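First the proteins, then the strands, lettered A, B, ... as listed; each starts at 1. In this text, all values refer to a predicted model and were calculated from it rather than measured experimentally.
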Protein chains: 2
Amino acid sequence: MATIKDVAREAEVSTATVSAVINDSAYVSPALRARVLSVIDALGYAPSQVARNFKRGRSQLIALVVADLANPFYSRLVWAAEADVSAWGYSLVVFNSDEKPDTEKQILSRVRMLGCDGVLLVPVGDEEHYPVRDTRRWPPTVLYGRSLNRDNMDTVTLDNREAARLATNYLLDLGHRRIGSIAAPTHLNTGRDRLAGMIDAMSARGVTARPEHIRSGDFREQMAYSVARELLKESDRPSALYVANGLMALGVMRALSDLGLRCPEDISIVSTDTVSGPGGLRPQLTRTEHPLEEMTYEALRLLVDRIQHGNSRPPRNVVFTPSLVLGDSCAPATE
Amino acid sequence: MATIKDVAREAEVSTATVSAVINDSAYVSPALRARVLSVIDALGYAPSQVARNFKRGRSQLIALVVADLANPFYSRLVWAAEADVSAWGYSLVVFNSDEKPDTEKQILSRVRMLGCDGVLLVPVGDEEHYPVRDTRRWPPTVLYGRSLNRDNMDTVTLDNREAARLATNYLLDLGHRRIGSIAAPTHLNTGRDRLAGMIDAMSARGVTARPEHIRSGDFREQMAYSVARELLKESDRPSALYVANGLMALGVMRALSDLGLRCPEDISIVSTDTVSGPGGLRPQLTRTEHPLEEMTYEALRLLVDRIQHGNSRPPRNVVFTPSLVLGDSCAPATE
DNA sequence: AATACTCAGCGAAACGATTAGCTGGAATAT
DNA sequence: ATATTCCAGCTAATCGTTTCGCTGAGTATT
């Protein structure tokens, strides 16, 4: 690989001049510039980004750390983030913490070593898991989807309580009273808020959830499947379920079909944060959706801003509002 | 950020010693080593990967360039690749060429500038699109899924002809004779081979495909939807379709449901390279599958080997064999 | 004509790590 | 006692680029 020195020697100028030409950072006479350019062309020279980054103290890399790459929701996040990140002139390094705090820890130290300029993080640990980091030691970070009880970080999240309320109210409107839930882990604010929203909505109508109708999942298909199987083979099973995310809703569907139950005839299902069940397949989930692309764009806007302007601006917490999307996974209660 | 010099000064040793400690590259007496380690800890020092990479002439980065991040097939590839890559000690930089040769070109030049150590590439252009690259200028590259007519590159692909043959034979066995296809673009070997395999299988049984029953898609849901709509509203529509990939099969499903047609009662569908339709949703696609994880692992094995041993070993072309997975998207022909 | 400015381009330091080659002292061999 | 070997650690060069500060020639100002 040709270096800037090769170009300088060949064009009989200094490396400073070559640098000025490729960066347009100082005036170079047309004649010299042309000579330099032609040598660059002849040698097939391309400046080493590695050396540049080293010198400039940045990497043009943004890390995206998601909780579960096998979850279509995060796949879509990767898709959206890649587009935005490259539009900002960065490249996207993708990591999968697989919902494991320890893995996440390793990833974060790797991210730091790589010198990523910023991190978009879906945190998987609970509040205590994160040491307070001094900013001089960690690259700018924006939390996505889940938040930690910190007031000094940028976050982009969903109004989870409202999402659960929307979903639950819809079930209540259909006449359901025995409403259960496959909930998310409660060490995450996402799990707590979605559950709280559901309870909220029910008690606002004087309905009380039965504790045994509320089971905890881990956001994944497999566990939701087994938990739902357990829950639904009981004789006093709920007539409707609020499932805390889309992937788990698929697990529930599978459990239903294994148990010979039909959706929506036997059980109504609503979920949040859906894998928009690809058109044509039945049943289509009724779900709350949030504007993933806008959320991602906003998160990266905050991140890039932070990268470029440091800590001058106070942290922001942007909350997006979900909306209910009707499918055909719910029916009126029949009791 | 603390540097190696800060550590050296604080521990009253030379930077060489610090380097020896963190890399275990030379003997350091227990006393000194302990002193250095404690200073490292106190300062929260982590070696700058950027400087390291610069010095060592590598980046510990592997680029993954896929054709369409919105396609669940490639999402799964990202998932599998991330796991393997990080197990090898690299990090994964993800790019989306979005099936656009021009975008791919920009991406590749970016990859080169970033100094990625290797590239796993799903090529989107036709053969002519790729200049012959001299290896000294390009990082090691493994082609994935699609091949180019080159004998000097590592490739990991599927036996596409066989996949199409499997799928088509299944339809023929069910008695279908009016078999159509939503095919893939023919500038890709994937498209050509899958179509050829289908024609093969049919003519082996003395059946001829009607040209108007064969339409070209672009691997995406949307286009498959419109093309299928067109095709299926004709009065002499086919009784079965071979769809060249999973995402397009979903588009076809949507078209069916829009047209009031049922699958499999009215139209049977088989596809290749499926988005394994999440359990519980109906109908489950009948499809040929290929071992994505093994393929990905193999591709990265080749790549890492190439990175570590250069061009000493001749290029390898690994071809995987698909298998037929039965769902319930096919029914016997009724004519 | 002397002084001050401008300008194009150059020289060399710096970024943070690795590493070849060196050094001075202790241990061992003769 | 002298020579040899070995050891632990250090010095300094190096990777490819950017950039600060300088220079010497040309131009403008008085």
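The side chain of B:S14 sits closest to D:dT11 out of C:dA17, D:dT11, C:dC10. For B:I4, the listed nucleotide lying nearest its side chain is C:dT18; candidates were D:dG9, C:dT18, D:dT19. For A:K5, the side-chain atoms get nearest to D:dT17 when compared with the rest of D:dG9, C:dG9, D:dT17.
Between A:S29 and C:dG9, a side-chain N or O to OP1/OP2 separation shorter than 4.0 Å is present. Of the side-chain N and O atoms in B:S19, one or more sit less than 4.0 angstrom from OP1 or OP2 of C:dT18. Between B:T17 and D:dA8 there is no side-chain polar atom (N or O) within less than 4.0 angstrom of OP1 or OP2.
Going from atom OG of B:S97 over to atom CG of B:L121 covers 7.5 Å, rounded to the nearest 0.5 Å. Taking CE of B:M113 as the reference point, atom CG of A:N53 lies at 9.0 Å (rounded to 0.5 Å). Note that CG of B:L303 and CG of B:L120 are 6.5 Å apart. Values are rounded to the nearest 0.5 Å. Atom CE of A:M153 is separated from atom CG of A:L143 by 4.5 Å, given to the nearest 0.5 angstrom.
B:I22 has its CD1 atom 10 Å from the C1' atom of C:dG16, to the nearest Å. Between the P atom of C:dG9 and the CZ atom of A:R9 lies a distance of 20 Å, rounded to the nearest Å. Protein atom CE of A:M113 is 16 Å distant from nucleotide atom P of C:dG16, rounded to whole Å. Rounded to an integer number of Å, the gap from A:L114 CG to C:dA17 P is 14 Å. Rounded to whole Å, the distance from CD on B:E12 to C1' on D:dA8 is 17 Å. Taking atom OH of A:Y27 as the reference point, atom P of D:dG26 lies 16 Å away to the nearest angstrom. Per the geometry, CG belonging to B:N23 stands 13 Å off P belonging to C:dA20, to the nearest Å.
Atom CD of A:E12 is surrounded by 12 or fewer heavy atoms from other residues, nucleotides or ligands within 6.0 Å. Remark: A:F320 CZ is packed, more than 12 non-hydrogen atoms of other residues, nucleotides or ligands lying under 6.0 Å away.
For the helix from C:dA1-D:dT30 to C:dT30-D:dA1, the rotation axes defined at the first and last 5 base pairs enclose an angle of 50°, given to the nearest 10°.
Taking a 4.0 Å limit (strictly below) on heavy-atom distances, residues 47-58 of chain A reaches DNA chain C at A:F54, A:K55.
Among the atoms of the strands shown, only primed sugar atoms or phosphate atoms (P, OP1, OP2) are found under 4.0 Å from some heavy atom of A:T3. At a threshold of 4.0 angstrom between heavy atoms, the contacts of B:V18 with the nucleic acid are absent.
Under 4.0 Å is where a charged nitrogen must lie from a carboxylate oxygen, and between A:D154 and A:R301 no such pair does. Salt bridge status for B:D102 with B:K100: absent, with no side-chain N to carboxylate O gap under 4.0 Å.
Applying side chain to side chain donor-acceptor pair (under 3.5 Å) to B:Y144 and the options B:T296, B:T157, B:T155 leaves one that passes, B:T296.
Using a 30° and 60° split on the angle between ring planes, B:H290 and B:F73 fall in the tilted class, from 30° to 60°.
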